[in-house]
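Down below is the structure, laid out as structure tokens.
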Amino acid sequence: MPVHRFWLLDINYEVRNHQPEIWLWGVSEDGERILVIDRGFPTYFYVLPASGEDPERIAERIELARVNLPLITGVEVVDRRLFGKPVRAVKVYCLDPDLVSEYVKSILKIRGVDSCLEDDIRYSMRYMIDNNIVPCGWHEVEADEISNTIGAQVDRVLLAKSKPKYLPEIIKMPNLRIMGFSTVFYSRKGSPKPEINPVVVISVATNTGEEKQFIANSSESDSDVIEAFIKCVREFDPDIIVGFETNRRDMQYLAVRARKNGLTLRVGRADAEPHTSAYGHMSITGRAHIDLLDYADEFPEVKIKTLENIADYLGVMKIGERTLIEDFEIAQYWEDEGKRPILLKFSMENARCIIGVMERIIDFAVQLSSLVGLPLDHVGTAAVGFRVEWFLIRHAYQIGELIPKRLERPYAPYAGAIVLEPKPGVHENVAVLDFKSMYPSIMMAFNISPDTYIPPGEPEPPSGAYVAPEINHRFRKEPHGFYSEVLSKLIKARDKVREDLKRIDPKSPEYRLLDARQKAIKVIANATYGYAGWIGARWYIKPVAEAVTAWGRYIIMSAIKMARDLGLEVIYGDTDSIFVRNDPEKIESLSKMIWEKLGLEIKPDKIYVRALFTEAKKRYCGLMPDGRLDMVGLEVVRGDWANVAKNIQEKVLEIILKGQSVKKAVEYVRNYITDLRERKIPFKDLIIWKTLTKDLEEYEVKAPHVEAAKLLQKEGWLLNIGDKVGFVITSGSGKLYERAKPYIFASYSDIDIEYYVTNQIIPAALRILSLFNVKENDLLPPKSAKPQTLFDFLGKK
DNA sequence: GCAGCCCTATTACCT
DNA sequence: ACAGGTAATAGGGCTGCG
């Protein structure tokens, strides 16, 4: 029997005449694209007997019910665990995975049945979990080639004769063909609507350096563009198809446009259009469709998540070297034959950026996919909680733990971490001591887990219990809990990868992959506490989250006391960090003492040459040895302040912390205000960006960004939850929300400059300078220097 | 009618 | 649609004031 080795790119299943087949889309070692079909996998779910009911009797009743449920193929009683407690369950095998929910409904009516479990696990996920098949991993399968009757776009179709076997030791990636694309939709005014507005440009770039552009002949017909694009995809036959905002926008848009033109957007390897899949992802059978926007959250420094900003941040293409056209300008560039080439250039650059950003993300995406077990095209779209959960589910299967149902629960807040009151002012030589992965360490050290929790009234086991401070939740010391096991597995894996990294050439592809792997592991380990406190978690038990933070508070308070007892001055602290005057010897003793008494690691994370603390918590700035400023929480790092405020604050911090001159800082602010009043500051620096967090009608109060959004909507712009609204404050009378205008509708002469002076620049500067007794009046340039225009005057009245 | 106060809604940050 | 703790602004209601 021939053995085939392949890397798993995508998975789906098909059901014909109630017979399911798993389709595994892969790339073989020698670069062939293959489809492995596996017909031999049963679907199943569990039935839990009501308390006091005999599972054998339940199994018999289900057997009897098979007359009416002909697709049930078998019933067996099995031993499993649920939240660590042994349970005997009835495992019911069923032929057609698409009929499971129907069958569950019938079985729930059988006497003595309490509930069903794992009927909510998709067949393709079930297949991977039970057979330890790993997306983006190499596998070996015994299989025979069969004829490609389904017309799949692959080199070979194989019928599996064995279950594929995962080969964890192979970490290299096959050479994948990646295609990036970027679209231009044309609408004369407002957001383009797929029902009426055509796609006029599609630009394509590939990781092999090919570039293509399809341009509509007229604004009326886009069938040629779409047809050419489909042909292009089929010819290049990408493994990964990637774009920006494609889940929400392009895929559906193109599918609708295709239909309008009597076409089908047949871009998959099987005969189908893109279709909506889990987590709002648009799936393309046989390929991995990746929307780079899904990875934007990995870069919190990028406040406005546009392709150009992300490409700029990652060094793919600097903003300054780019052709940039904003959405509201597209129509005029398309309409004007003279300007159209600029639009085409812009679109092509977008496609290049997409490929460039993809190349910087792919390693992480691949590692995350193989770590948590979600297919490459799904893992980016899945929220953090679901990524953690799929990792847990794989582990649960291995230890015979049943997967609990996702329940609707009311929000139940609990106490979190401690934040110290900072000592305001400038401090020299400050060390920041951090606990190493505090919450995961706590969960492991005190065995905190849903399955080790001892509810009040239950006796303590002979092996003893850990009791959380303040709240007194108890957790049995033995055996190891679910979370504890998962976390130590993760941490051991990460330590091993980091050990391997030391022996590898940092420039090799292998190094990049392993580095991405250790990052993926870190992300999942660090998110586990948050998952445990999430009411949507399958493995949620409130005391678990509550106990973790309680121990966290106890530990940091103990550490602070020890530091003080050692004579270390504690300047500030937040959750798992303490800021002390840098005294390496004492810090060393403290670190030792904490390890001995608390069993946790703490070490200096960074040293500030000088640091400035405001009166407020979570807002400070440190000067690092290399001269850079570490600005935390202040306006300068916030996305919802105008650049004028952020620029000023950064400059003030620099002058204060490096130059140590309050006078120079004050002078700088005054000059800046003068420049602004003379309109020497770019218009763009006056835009304030705020996110819409709900539908416009849902807002209870009038707010500037909401009113600006309504103006945009009135002009035909579609706004979604999560969109950022860029607005400016214009002069006139009334509330701010009456004077906020979308920046695309305003010009410099509309601007209320004094708003920016009083409500942006002055507060941002005073946040720092008030520590040195500087007052608002000190920052305002002398009245004579202010050229009052008639307009300003009228605006004030 | 409005200044001053306080509370709430809203957003974005920190760890 | 991973957690709680926190700062900050703008809006809005209320009080008191010739």
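In what follows, chains are A, B, ... by sequence order, proteins preceding strands, each numbered from 1.
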Looking at [N], I'd like to know if its phosphate oxygens (OP1 or OP2) sit under 4.0 Å from a side-chain N or O belonging to [X].
X      : N      : answer
A:K702 : B:dA9  : no
A:R619 : C:dA8  : yes
A:Y411 : C:dG4  : yes
A:Y755 : C:dA10 : yes
A:K303 : B:dC13 : yes
A:T691 : B:dA12 : yes
A:R767 : C:dT9  : yes
A:Y540 : C:dA1  : no
A:Y737 : B:dA9  : no
A:K724 : B:dA12 : yes
A:N759 : C:dT9  : no
A:K735 : C:dG11 : no
A:H705 : B:dT10 : no

Neighbour count above 12 (heavy atom, 6.0 Å) for A:K710 NZ | yes
Partner residues of A:A642 under the side-chain contact (heavy atoms from CB on, under 4.5 Å) criterion, sequence neighbours left out | A:V644, A:I688, A:Y756, A:Q760
Whether A:F475 and A:Y453 hold their rings parallel, tilted or perpendicular, with breakpoints at 30° and 60° = tilted
So what does A:V637 hit on the nucleic acid, given a heavy-atom distance under 4.0 Å: a base, only sugar-phosphate, or nothing?
-> sugar-phosphate
Heavy atoms under 4.0 Å, any strand shown: does A:A415 hit a base, just sugar-phosphate, or nothing?
-> sugar-phosphate
note: A:L736, atom CG; C:dA10, atom C1'; distance rounded to Å ~ 7 Å
To the nearest angstrom, how far is A:L692 atom CG from B:dT10 atom C1'?
-> 12 Å
Are any of the side-chain nitrogens in A:E245 or A:R248 under 4.0 Å away from the carboxylate oxygens of its partner?
-> yes
Presence of salt bridge, A:K617 and A:D574, under 4.0 angstrom = no
